[in-house]
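Remarks on the structure that follows.
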Amino acid sequence: MKPCVALVDCNNFYASCEKLFRPDLQDVPLIVLSNNDGCVVARSREAKALGIRMGVPVFQIQEEIRRHGMAVFSSNYALYAEISARVMRILEDWVPRMEVYSIDEAFLDFSGMQTDRQRTDYGQRMRQQIRQWTGITVCVGIAPTRTLAKMANLAAKRYKATGGVVDLCDRARQRRLMSLLPVHEVWGVGDRLSQRLQALGIQTALELADCAPSWIRQQFSLTLERTVRELNGQSCIAWEEGPVPKQQIVCSRSFGQRVTTRAAMQAALCVYVSRAAEKLRQENREAQRLTVFIRTGAFNPQEPYYANTASGALPVHSADTRHLLKLALRLLEAIWREGFRYAKAGVMLSEFQEPGRGTQDMFEEVAVQQRSVRLMQTLDQIRQRGLGRVFVARQGTLQQQSWAMRRATLSPAYTTRWNDIPQVC
DNA sequence: TCTGGGGTCCTAGGACCC
DNA sequence: TCTGGGGTCCTAGGACCC
């Protein structure tokens with residue numbers, strides 16, 4: 001049985017989610033902003049047509065926003081995650097095996113489907129059902145390897161005549177498409193690599209595909225060698241069996257307003273540690289290592305720049321917010337410098353173990369450990385059931401959090417909060 | 001004035017050991 | 001003056017992805 005994989009990718013995902021609940025914005029150019037309303041992370045078809053670039057800082061395009069009457073939304077991840085889950089649930093029923101790759105895309109196992117026609121029809125029917133059941137439009141790229149499926153998907157998005165589904169199992173078609181694509185459009189080739197490749201005279205995807213894998217390995221890396229092999233139809237990325245446990249958990253934010261006092265920084269870290277610890281417990285893991293980082297703004301050359309990181313280990317693995325927080329605050333003391341205007345901070349948890357299997361404290365009483373676990377369970381349940389929010393006092397009340405992130409134009413929680421359910425009048 | 005957040009994998013080089 | 005070689009483990013940093 002020939003291996004075959006389909007990549008299903010939602011079009012303009014965040015922008016499309018916002019439009020689902022705002023039919024009045026159907027043909028209006030719409031952009032979605034990053035956390036803190038900093039830069040553009042998603043654009044509707046119309047906004048792309050106006051030349052709005054991905055990642056551009058919003059303040060640089062204020063004039064265009066006004067002139068074209070663009071709709072602007074702060075990012076609403078709760079909404080996008082919910083719509084994503086609906087799309088993924090539908091896809092699951094179409095194939096024996098699937099891997100969710102990101103919030104808006106998934107790889108599906110299409111092995112066993114014999115003909116070009118069969119595969120394309122299947123893709124079209126999936127696409128139809130997703131649009132009908134969720135309102136989201138997807139494109140489908142089908143090929144023998146993931147790297148080629150990515151490329152097929154790109155073609156499905158770019159060329160209207162394809163009807164949103166491209167089958168790239170035929171070698172001649174693969175080569176024709178690759179000859180048209182600049183090398184930086186290959187999955188796994190970013191800015192740095194494409195510059196180096198171009199310096200060696202490799203401009204197109206096809207030219208990269210025709211390089212000797214061993215030479216690429218020697219000049220670049222194992223990763224790029226795999227890419228070359230994948231472009232030639234040799235699959236180098238295996239299917240994951242079951243969900244992959246995380247190796248690290250990060251919580252970091254830019255501040256809505258610069259932080260200048262130690263107390264405010266401690267409060268912010270407190271929020272980040274609490275959030276990271278919640279995620280850790282959701283993964284059913286305990287962590288041993290915690291890293292804290294802080295930095296000033298990176299873009300203003302006039303302003304003194306300072307950035308630093310401190311990392312430390314807990315004596316035993318833990319998922320208790322209080323233990324992690326104590327370490328975080330101690331680490332902060334090592335890197336905190338007065339007199340800077342801090343723009344961003346974050347914490348990272350790593351070195352995970354399943355509860356009870358990590359380093360243990362021989363002298364701590366079992367009862368104390370059990371109390372810790374039960375306390376954290378209780379906190380999580382209060383939050384998950386929406387009964388309110390219990391937090392560590394140090395983070396301060398919302399009114400005190402002048403550094404909290406800006407979300408000026410957040411859409412309602414249409415799918416996750418009763419009060420925000422859309423009404424039809 | 002205002003420029004995101006959360007991940008993964010790989011590699012080079014240092015520390016350490018015998 | 002001459003001062004080995006090879007292996008492993010860890011970490012920081014680079015590059016990539018969405």
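Please read all numbers here as calculations on a predicted model, not as lab measurements. Letters A, B, ... are given to chains in the order of the sequence lines, protein chains preceding strands, and every chain is numbered from 1.
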Exercise. Flag yes if more than 12 heavy atoms outside R86(A) fall under 6.0 Å of its CZ atom; otherwise flag no.
Key: yes

Quiz item: Under 4.0 Å between a side-chain N/O of R226(A) and OP1 or OP2 of dC9(B), yes or no?
Solution: no

Quiz item: So what does R196(A) hit on the nucleic acid, given a heavy-atom distance under 4.0 Å: a base, only sugar-phosphate, or nothing?
Solution: nothing

Practice problem: Rounded to the nearest angstrom, tell me the gap between atom CZ in R275(A) and atom P in dG7(B). | Solution: 9 Å

Quiz item: Using the P atom in both, what is the distance from dC18(C) to dT3(B), to the nearest Å?
Solution: 25 Å

Practice problem: Answer with base, sugar-phosphate or nothing: what part of the nucleic acid does L193(A) contact at a heavy-atom distance below 4.0 Å? | Solution: sugar-phosphate

Quiz item: Just checking I103(A): base, sugar-phosphate only, or nothing, at a heavy-atom cut-off of under 4.0 Å?
Solution: nothing

Exercise. Could you check whether N300(A) gets within reach of a base, just the sugar-phosphate, or nothing at all, counting any heavy atom under 4.0 Å?
Key: nothing

Self-check item: Contact list for DNA chain B against residues 44-63 of chain A - heavy-atom distance below 4.0 Å
Solution: P57(A), F59(A)

Quiz item: Should the pair E278(A)-R275(A) be classified as a salt bridge under the 4.0 Å nitrogen-to-oxygen rule?
Solution: yes

Quiz item: With a 4.0 Å cut-off on heavy atoms, is V186(A) in touch with a base, just the backbone sugar-phosphate, or nothing at all?
Solution: sugar-phosphate

Quiz item: With sugar-phosphate meaning primed atoms plus P, OP1 and OP2, does N35(A) contact a base, only sugar-phosphate, or nothing at under 4.0 Å between heavy atoms?
Solution: sugar-phosphate

